[in-house]
Amino acid sequence: MRLRNRRSPRMAESPLAIYQAHLDKGELAYQWSPEAGRAVFYPRLVCPYSGSTVLEWRIASGRGTVYATTVTHPQQGAPYNVALIDCDEGFRLMSRVEDIDPMAVRIGMRVKFRVHSAEGDEPAYPVFVPAEGRQ
Amino acid sequence: VTGLKRGGAAVVGAAESDLGHVAEGMNVIDLMAQGIARAADDAGLKLRDIDGLICATAQSRTSGLSLSEYLGISPRYIDTTILGGSSFMFHVAHAVAALQLGLCDIAAIAYGSTQRSVGRRQASVREVNPYETPYRPFLPSTAYALAASRHMHEFGTTREQLAAVAVAARQWALLNPVAWEKKPLTIEEVLSARMVSYPFTVRDICLVTDGGGAIILTTPERAKDLKKPPIYVLGCGQAITHANISSMPELTVTGALESGKQAYAMARLKPSDIDVVEVYDAFTINTILFLEDLGFCPKGEGGHFVEGGRVAPGGALPVNTNGGGLSYCHPGMYGLFLLIEAVRQLRGECGARQVPNAKTAVAHGNGGVLSSQSTVILGTAATV
């Protein structure tokens with residue numbers, strides 16, 4: 001028993017599991033580093049800007065801007081968009097802009113988050129659609 | 001890199017293994033060993049002289065063990081750093097350090113790949129990234145295409161300018177007897193080829209070949225009485241900025257800015273002092289990014305810079321004189337071939353593609369998705 005007590009505390013949930021649980025509730029979660037004073041993405045155990053292990057979970061507004069975009073052409077099947085999205089909270093992620101011709105996705109375009117629901121073995125993941133009007 | 005001595009080591013042997021599509025049943029250790037044997041012969045050294053072994057391949061988890069066993073050597077110094085295609089430029093810096101410290105006297109740097117023979121999926125198993133894999137990026141092409149999209153957006157770079165890089169590489173390849181591609185290429189043909197990841201067609205993207213090779217380095221003292229004129233390591237630099245493209249700080253500025261700065265400082269040279277430029281052209285955007293970040297033209301002007309044959313044979317700046325990863329050979333981790341070509345240009349061994357009176361060369365490696373950058377500046381005895 002003594003040996004066991006000497007172990008450092010074990011994390012109950014991985015950063016990925018927490019992120020994924022939020023997605024299942026329709027939320028795009030990210031981390032906030034109080035020491036660095038900035039958003040952290042992808043979720044992790046150590047802040048890459050400060051080295052701190054204190055990271056708070058926050059829910060993003062889901063609003064963002066296309067930072068970079070491409071259309072990938074698979075050997076079979078329809079071409080699809082792959083984009084990097086700068087979220088308003090100051091973090092960037094890879095995603096896909098849907099509900100629009102993939103070639104019509106433009107850098108600087110305002111987009112908003114929606115969940116691509118889990119299918120079979122594939123967990124839910126965030127995608128984006130063009131935001132209505134100007135924001 | 002602080003602590004490394006300018007001219008503290010010299011490349012004395014350089015050779016490719018078999019390239020293109022190798023014989024059935026050949027494996028990566030065969031190709032590494034063949035490269036080392038040829039490079040040792042090039043240097044006038046025996047296999048037994050090698051006491052430093054440095055190698056990288058995507059297809060063997062413990063290639064340092066397999067290669068030592070295969071060659072029947074027990075190296076005093078061994079290093080299997082793997083950071084993608086730029087690994088071999090990192091290896092050069094490590095070899096210089098090891099030679100300077102006396103950890104070894106003769107260091108071989110080797111590479112092998114059979115990705116064409118076994119298929120890319122077999123050769124390089126993709127790691128699952130829960131934050132990227134769901135979007136089915138066709139890696140690495142999609143990542144570099146994202147960088148190209150940003151360059152086009154910020155600087156007005158055009159698909160025709162990207163294509164000019166591929167055309168120049170092809171023109172050089174036609175002067176290289178061992179290049180994979182043998183037919184001329186036009187800008188129109190690049191633009192109208194099969195689209196892979198916009199703005200890249202298949203002609204904006206490097207070849208998928210087998211291949212390998214080796215270079216051998218030693219101390220300046222030992223280098224003097226070997227078979228070929230020594231080519232000195234004048235400068236080294238390195239920078240790692242990210243692993244995945246979604247974490248790259250700024251898609252139009254690569255770590256080559258930093259690695260180049262370090263290498264020029266160590267070499268006490270500036271871009272205008274460089275006679276031959278060998279940069280890692282896995283994609284057409286790479287050549288543009290690295291010409292900018294290594295100071296051959298201002299940021300944003302790379303697209304304009306490569307137009308009109310400026311980097312083609314007969315142009316103002318000789319770039320990727322072997323035909324590059326785009327038209328000569330690209331087995332997946334291409335960096336070693338940039339070093340081999342730079343050494344051959346400085347020795348004056350390049351025949352129809354020889355750059356006259358080349359005394360200095362830069363060999364710039366890129367790894368991952370613009371992730372690891374490493375620059376090596378080489379020079380002839382006259383530059384030391």
Side-chain angles (χ1 to χ4, degrees), chain A residues 14-20 23 28-30 40-44 48-49 65-75 77-87 91-98 101-109 115-119 121-128, chain B residues 119-121 127-157 159 162 193-205 208 240-253 283-285 289 369-370:
Chain A
S14 70
L16 177 61
I18 296 168
Y19 170 76
Q20 210 67 60
L23 274 175
L28 176 58
Y30 67 101
V40 172
F41 197 89
Y42 48 91
R44 53 194 102 180
Y49 309 112
T65 305
V66 176
Y67 172 72
T69 182
T70 180
V71 180
T72 292
H73 294 244
Q75 299 269 18
Y80 54 90
N81 174 260
V82 179
L84 299 180
I85 309 296
D86 281 340
C87 289
F91 66 94
R92 181 181 297 162
L93 76 165
M94 182 178 281
S95 192
R96 178 169 69 233
V97 182
E98 299 185 333
D101 173 356
M103 276 305 288
V105 178
R106 292 273 172 265
I107 289 173
M109 181 182 267
V115 174
H116 183 99
S117 301
E119 286 170 28
D121 288 344
E122 192 180 52
Y125 59 88
V127 294
F128 287 79
Chain B
R120 271 195 63 218
R121 246 168 243 276
E127 293 169 34
V128 172
N129 174 345
Y131 305 99
E132 290 199 353
T133 307
Y135 308 103
R136 292 183 292 145
F138 179 58
L139 291 173
S141 301
T142 296
Y144 287 84
L146 288 166
S149 81
R150 239 2 256 190
H151 207 276
M152 293 167 88
H153 174 78
E154 285 182 34
F155 307 119
T157 306
R159 285 188 59 204
L162 295 172
R194 181 172 65 80
M195 187 59 73
V196 175
S197 203
Y198 188 89
F200 298 147
T201 70
V202 69
R203 297 286 162 235
D204 286 285
I205 302 177
V208 177
I240 289 168
T241 48
H242 60 283
N244 302 290
I245 197 67
S246 47
S247 293
M248 183 169 180
E250 208 180 331
L251 262 63
T252 53
V253 183
F283 299 87
T284 48
I285 189 67
L289 285 169
V369 288
L370 295 168

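Being a predicted model, the structure only gives us computed values, none of them experimental. So that the names make sense, note that chain A is the first sequence line, chain B the second, and so on, each numbered from 1.
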Asks: Side chain of B:Arg194, backbone of A:His73: donor and acceptor closer than 3.5 Å?
Replies: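 Checked: no pair found.
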Asks: Just wondering, more than 12 heavy atoms not from B:Phe138 lying within 6.0 Å of its CZ?
Replies: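 No, the 6.0 Å shell around CZ holds no more than 12 heavy atoms from other groups.
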Asks: Can you tell me how far apart CD (B:Glu154) and CD1 (A:Ile107) are? Round to the nearest 0.5 Å.
Replies: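 So the gap between those two atoms works out to 8.0 Å.
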Asks: Identify the two heavy atoms, one from B:Pro137 and one from A:Val82, that lie closest to each other, and give their separation to 0.1 Å.
Replies: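 Reported closest heavy-atom pair: CA-CG2, 4.4 Å.
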Asks: For the backbone of B:Leu251 and the side chain of A:Tyr67, can you confirm whether one donor and one acceptor N or O come within less than 3.5 Å of each other?
Replies: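 Present.
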Asks: Counting heavy-atom pairs closer than 4.5 Å to chain A, which one of B:Val196, B:Asn244, B:Thr133 comes out on top?
Replies: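 Heavy-atom pair counts peak at B:Val196.
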Asks: Examine whether an atom of B:Pro134 lies under 4.5 Å from a heavy atom of chain A, and if so say whether it belongs to the side chain, the backbone or both; otherwise answer neither.
Replies: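 Both backbone and side chain.
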Asks: Would you give the length of the straight line joining atom CE of A:Met94 to atom CG of B:Asn129, rounded to the nearest 0.5 angstrom?
Replies: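 Going from the CE atom of A:Met94 to the CG atom of B:Asn129 covers 8.0 Å.
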Asks: Identify which part of A:Pro102 has an atom lying under 4.5 Å from any heavy atom of chain B, answering side chain, backbone, both or neither.
Replies: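 Answer is neither: A:Pro102 stays 4.5 Å or more from chain B.
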Asks: Give a yes or no on this: more than 12 heavy atoms of other residues, nucleotides or ligands lie within 6.0 Å of atom OH of A:Tyr30.
Replies: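 Enclosed: over 12 neighbouring heavy atoms sit under 6.0 Å from OH of A:Tyr30.
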Asks: Using non-hydrogen atoms only, which part of A:Pro74 is less than 4.5 Å away from chain B: side chain, backbone, both, or neither?
Replies: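 Looking at A:Pro74, nothing touches chain B.
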Asks: Measure from the side-chain N and O atoms of A:Tyr80 to the backbone N and O of B:Arg136, and report whether any donor-acceptor pair falls under 3.5 Å.
Replies: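 Yes; judged by distance alone, with no hydrogens or angles, the pair exists.
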Asks: Heavy-atom pairs under 4.5 Å with chain B: which of A:Arg92, A:Gln20, A:Glu122 has the most?
Replies: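 Winner by heavy-atom pair count: A:Arg92.
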Asks: Determine, stepwise, if the pair A:Thr70 / B:Ser197 fulfils side-chain hydrogen bond (donor to acceptor under 3.5 Å, both in side chains).
Replies: CA-CA 6 Å; A:Thr70 180; B:Ser197 203; 3.1 Å; yes
Asks: Do we see a donor-acceptor contact under 3.5 Å between the side chains of B:Thr142 and A:Thr72?
Replies: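 Yes, because at least one side-chain N or O of B:Thr142 sits under 3.5 Å from a partner of the opposite role on A:Thr72.
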Asks: Assert yes or no for the condition that the ring centre distance of A:Tyr125 to B:Tyr135 is strictly below 6.0 Å.
Replies: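 For A:Tyr125 and B:Tyr135, the ring centres are under 6.0 Å apart.
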Asks: Is there a donor-acceptor contact under 3.5 Å from the side chain of B:Ser246 to the main chain of A:Leu93?
Replies: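 Not a single qualifying donor-acceptor pair exists.
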Asks: Describe, in one word, how the ring planes of B:Tyr131 and A:Phe41 are oriented to each other, choosing from parallel (under 30°), tilted (30 to 60°) and perpendicular (over 60°).
Replies: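 Correct class here is perpendicular.
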Asks: Sort B:Ser247 into side chain, backbone, both or neither according to what part of it lies under 4.5 angstrom from a heavy atom of chain A.
Replies: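 Contact with chain A: side chain only.
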